[in-house]
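Every number for a ligand or one of its atoms is a count from 1 in the order of the listing.
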Amino acid sequence: MSIPRRRPLVAGNWKLHHGLHASEALARSIAGGLPSPCPVEVVVAPVYTALATVAAALRGTSVGMSSQDLHWEDRGAFTGAVSAPLLKDAGCTYVLVGHSERRQLFGERDEDVRRKASAALRHRLVPIVCVGETLEERERGATLDVVLGQVDAAFGDRDASALDQMVVAYEPVWAIGTGKVARAEDAQAVHVAIRARLTRMAPEAAAMLRILYGGSVKPDNVVELMQQPDIDGALVGGASLEAASFLPIVQAAIARA
Ligand code: 13P
């Protein structure tokens, strides 16, 4: 059987960092540092207030833009919420859904993640569905139960055409912002399990689905991660805040592409 070629995706999650000026400058530096054409898809996720500014800075470049979250309703009395149509309007093509910081700090449940992914799909935004286990869950051997449970909640009962429009990011919670990266072969094993689970739903779409790794990805550990056959890119936090650390990560993905 031939191995499907998935175009790697490297996404920078800027989290709650960078105002208008810094976001615009960083977007320009990233776009300016990429080869043209770029064999890897590159996406940045600024704060809401910088989305329109970053979209303008990225116009005509190969770099795409993601939101860090969304609400599942399109409009209405939902103070503080931002919906998929508004994110499209601001220039997003991707949206992070179910990031562990949303789950842990803002009480987001699997059911919410599913509704958010559905709202994104309804408006043709590609949801990057984030899954991952805590340290406690890993230590008691529950990694796959937790991760596959999150995958089932977000993906279960969708048809194959939806799967074509989605991305998964495996981000072990204990590796986020800690400097502790998962061992490449451990991450690979989880990626394989995720793909196998989705293969039961839609074999061809699952073979083409991109599964990113996130959690302390840095220029000095990304090469080994990207050598794993089922790691199709990276979701980068801290190292995405400067072009000097983000671009080498993209370069490593280009080497694999
Ligand atoms: P760090 O790369 O800072 O560990 O963050 C990972 C992450 O949460 C990306 O979404």
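Heavy-atom separations between Ala169 and ligand 1 are all 4.0 Å or longer. Residue Lys15 places a heavy atom less than 4.0 Å from ligand 1. Between Gly214 and ligand 1 there is no heavy-atom distance shorter than 4.0 Å. Put simply, part of Ser216 is less than 4.0 Å from ligand 1, judged by heavy atoms.
When the options Gln68, Glu171, Lys180 are ranked by their closest heavy atom to atom 6 (C) of ligand 1, first place goes to Glu171.
Within ligand 1, counting atoms from 1 as listed, the ones closer than 4.0 Å to a heavy atom of Gly238 are 1 (P), 2 (O), 3 (O). For ligand 1, the atoms lying closer than 4.0 Å to a non-hydrogen atom of Ala175 are 4 (O). Of all atoms in ligand 1, numbered sequentially from 1 with element shown, those under 4.0 Å from a heavy atom of Leu235 are 9 (C), 10 (O). Those atoms of ligand 1 with a heavy atom of Gly215 less than 4.0 angstrom away are 4 (O), 6 (C).
Side-chain atoms of Val236 and Trp14, non-hydrogen and from C-beta on, never get closer than 4.5 Å to each other.
Asp74 and Arg122 are joined by a salt bridge, as a carboxylate oxygen and a charged side-chain nitrogen come within less than 4.0 angstrom of each other. Classification of Asp110 and Arg103 as a salt-bridged pair holds, one side-chain N sitting under 4.0 Å from a carboxylate O. We find that Arg183 and Glu224 are not joined by a salt bridge, their nearest charged nitrogen and carboxylate oxygen being 4.0 Å or further apart. For the pair Arg114 and Asp157, the salt-bridge criterion is not met [side-chain N within less than 4.0 Å of a carboxylate O].
For the pair Ala239 and ligand 1, the shortest N or O to N or O distance does not fall below 3.5 Å.
With Asp232 as the fixed residue, the salt bridge (Lys or Arg N to Asp or Glu O under 4.0 Å) test singles out one of Arg5, Arg210, Arg256: Arg256.
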